[in-house]
Amino acid sequence: MTREELGMLDFAVKWAPFGGGDDHILPEFGIFPAVFYRRLQRLLAHATVDDSVRRRLDELCTTKLAPARPGRKRSYSRVRTARSSTSPAGTR
């Protein structure tokens, strides 16, 4: 693993609990967040990391790379709200 790859992995582990640190990726690595998350996903396939860390970071990458739904802000909270989880459409 290269020094840059180790830096990306360390950064991801550090910032994952806080939503990924998107505002810091470009200044730190010189790449846009989407590029960072694609590289991180490829890195996770080959890196020797704990399985729970791998799953958590892969989930973060998948979430970050998923297309945003029109008209809906992306939530970085781990807590599901009643509005986002169980309310049928139109009964809010």
Side-chain angles (χ1 to χ4, degrees):
M1 197 176 309
T2 69
R3 177 181 253 170
E4 182 182 26
E5 290 170 337
L6 284 172
M8 291 176 74
L9 191 56
D10 288 342
F11 181 92
V13 168
K14 174 183 170 184
W15 283 98
F18 308 105
D22 291 358
D23 293 340
H24 304 279
I25 291 172
L26 184 60
E28 182 77 21
F29 299 99
I31 57 176
F32 290 104
V35 175
F36 176 85
Y37 293 115
R38 282 193 296 273
R39 287 186 187 173
L40 181 60
Q41 264 187 328
R42 284 195 303 266
L43 177 62
L44 289 171
H46 305 290
T48 306
V49 294
D50 183 78
D51 284 339
S52 64
V53 172
R54 181 188 316 276
R55 281 192 300 270
R56 187 176 76 223
L57 294 180
D58 188 56
E59 182 179 314
L60 174 68
C61 292
T62 300
T63 301
K64 293 292 190 164
L65 294 171
R69 293 186 212 159
R72 184 172 178 187
K73 284 186 171 182
R74 186 177 299 208
S75 172
Y76 298 105
S77 172
R78 292 181 181 193
V79 179
R80 295 190 64 150
T81 62
R83 182 179 195 153
S84 66
S85 61
T86 58
S87 302
T91 61
R92 295 186 178 129

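Start at 1 with the first residue, then count along the sequence. These values consider heavy atoms only, across backbone and side chains, with no hydrogens, waters or symmetry-generated copies.
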Going from [atom1] on [X] to [atom2] on [Y], what distance comes out if it is rounded to the nearest 0.5 angstrom?
X: Leu43; Y: Arg39; atom1: CG; atom2: CZ; result: 11.0 Å
X: Phe36; Y: Asp22; atom1: CZ; atom2: CG; result: 9.0 Å
X: Glu28; Y: Asp23; atom1: CD; atom2: CG; result: 13.0 Å
X: Phe32; Y: Leu26; atom1: CZ; atom2: CG; result: 5.5 Å
X: Glu5; Y: His46; atom1: CD; atom2: NE2; result: 9.5 Å

Do Thr62 and Tyr37 come within less than 4.5 Å of each other through their side chains, counting heavy atoms only?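 Counting from C-beta outward, Thr62 and Tyr37 never come under 4.5 Å.
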
With Ser52 via side-chain hydrogen bond (donor to acceptor under 3.5 Å, both in side chains) - residues at least two apart: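 Ser52: side-chain hydrogen bond (donor to acceptor under 3.5 Å, both in side chains) contacts with Asp50.
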
Excluding sequence neighbours, so at least two apart, what forms side-chain hydrogen bond (donor to acceptor under 3.5 Å, both in side chains) with Asp58?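 Checked Asp58 against side-chain hydrogen bond (donor to acceptor under 3.5 Å, both in side chains); matches are Gln41.
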
Under 3.5 Å, side-chain donor or acceptor atoms of residues 8-21 against the rest of the protein: list the pairs with distances, not counting sequence neighbours.
none

